[in-house]
Amino acid sequence: MTIHCCSNIAFIPNDIWEAITIKVATDSIRSLCSLRMTCKAAHDAGEADIVHWSVSIPPPHATPWWWCLNPEAKRFFDRCMAAGNPELLFREALRELFIRRNENVGIQMLNSATSTGHAAAKYALSMMLMLRTDDNVEKQKGLELYRELDAAGSVAGSEVQMPRIEEQHTVCASPRCSTRGHMPLLYDYRRRAAERNSVHAFGRAAHIPCIQCRADYDLQAFVNLP
């Protein structure tokens, strides 16, 4: 007896394949590669720029070391960067800022990554703008970005190190604020508590009512990362 297997896979429209591939790509690179090996339609859909833009890039510590030596992996990441992948754009912005010292290029790339909704890029951009001493408009823009992150509960640390904070870098300037100027002390208290593994190391500046002082605390944390 002969069994005939019929498949409608060839009749699935390209835009549906592309939507499926994007969904899989946001899970992981491995998932994307597995899907692309299933059939020609999936393989072709994986060539789209939007897929390379959407693919989830693992953090550096979770990236296999041999990927940087593999020509095919390098071509893949080059495609992702060319497509404007937000995570890779964010990492390249940090290299421009803190390795190549190209501040204007780095800020522009952070703006691009932030516009895609990348929270870490938005945080780094808010810190960079609030550290400006030559442009109050940009400093206020940084504070507004910080407000948005704080309201969304997305305020988090970063993995980059900045220059030492000077008085002119502080955000809170209200003479009526009772916590103004105290954030370095609070940060130092939290840091020492962390060294003792104390519960007082937790909480950051969440209890401080002044949003500008909370931003000042995060600036302290931002520039003092090991």
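Since the structure is predicted, the reported quantities are computational estimates derived from the model, not experimental observations. Atom set for the values below is all heavy atoms of this structure, side chains included, hydrogens, waters and symmetry mates excluded.
Residue F76 is grouped with residue W66 when hydrophobic side chains (ILVMFWY) are merged at heavy-atom distances under 4.5 angstrom, including chains of intermediate members. Grouping the Ile, Leu, Val, Met, Phe, Trp and Tyr side chains by contacts below 4.5 angstrom, directly or via other members, places M37 apart from L35.
Applying the salt bridge (Lys or Arg N to Asp or Glu O under 4.0 Å) test to every pair with at least one member in residues 12-36, sequence neighbours left out, gives these pairs: R36-E47. A salt bridge (Lys or Arg N to Asp or Glu O under 4.0 Å) check over residues 107-127, counting only residues at least two apart or in different chains, returns the pairs K122-E148.
Open room surrounds CD on E72; 12 or fewer heavy atoms of other groups in view lie less than 6.0 Å from it. Under a cut-off of 6.0 angstrom, the local environment of CG in N70 is crowded, with over 12 non-hydrogen atoms contributed by other residues, nucleotides or ligands.
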What donor-acceptor contacts under 3.5 angstrom involve side-chain atoms of residues 205-215, with partners at least two apart or in another chain?
unit_1: R214; atom_1: NH1; unit_2: I208; atom_2: O; d: 2.7
unit_1: R214; atom_1: NH1; unit_2: P209; atom_2: O; d: 3.4
unit_1: R214; atom_1: NH2; unit_2: D150; atom_2: OD2; d: 2.7

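For the pair A119 and L149, the tightest heavy-atom approach, listed with the atom from each and the gap, is O-CD2, 4.1 Å. For the pair K40 and D44, the tightest heavy-atom approach, listed with the atom from each and the gap, is NZ-OD2, 2.7 Å. The minimum heavy-atom distance linking A45 with V51 is given by the pair O-CG2, 3.5 Å. Taking all atoms of both residues into account, the shortest heavy-atom contact from P58 to I29 is CD-CD1, 3.8 Å. Between S126 and L145 the shortest heavy-atom distance is CB-CB, 3.8 Å. The shortest non-hydrogen separation linking L110 to A121 is CD2-O, 4.0 Å.
Within the model, atoms CD of Q140 and CE of M130 stand 10.0 Å from one another, a figure rounded to the nearest 0.5 Å. Atom CE in M109 sits 12.0 Å away from atom OG1 in T114 (nearest 0.5 Å). Note that CZ of R95 and CZ of R100 are 7.0 Å apart. Values are rounded to the nearest 0.5 Å. If you take CG on L129 and NZ on K139, they are separated by 11.0 Å, rounding to the nearest 0.5 Å.
Ion pair R147/E144 flagged as a salt bridge, since at least one NZ, NE, NH1 or NH2 atom sits closer than 4.0 Å to an Asp/Glu carboxylate oxygen.
Residues Y146 and V171 form no side-chain contact, since every pair of their non-hydrogen atoms from C-beta on lies 4.5 Å or further apart. Counting heavy atoms from C-beta on, the side chains of N85 and H52 never come closer than 4.5 Å. Between L89 and M81, some side-chain heavy-atom pair lies under the 4.5 Å cut-off. For the pair F90 and I57, the minimum side-chain heavy-atom distance is 4.5 Å or more.
Residues that satisfy the side-chain contact (heavy atoms from CB on, under 4.5 Å) test with K74, not counting sequence neighbours, are D78. Residues passing the side-chain contact (heavy atoms from CB on, under 4.5 Å) test with S34: none are found, sequence neighbours excluded. Every residue was checked against the salt bridge (charged side-chain N to carboxylate O under 4.0 Å, His left out) condition with R190, not counting sequence neighbours, and none meets it.
Remark: side-chain polar atoms of D218 are not paired, donor with acceptor, to backbone N or O of M127 under 3.5 angstrom. Side-chain atoms of D49 do not come within 3.5 Å of backbone N or O of A83 as any donor-acceptor pair. N102 places no side-chain N or O within 3.5 Å of a backbone atom of E96 that could act as its donor or acceptor partner.
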Practice problem: Show your reasoning for whether side-chain contact (heavy atoms from CB on, under 4.5 Å) applies to Q220 and D216. | Solution: CA-CA 6 Å; Q220 289 289 331; D216 279 330; 5.9 Å; no

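Between F222 and Y123, the angle of the ring planes goes over 60°, which puts this pair in the perpendicular group of the 30/60° scheme.
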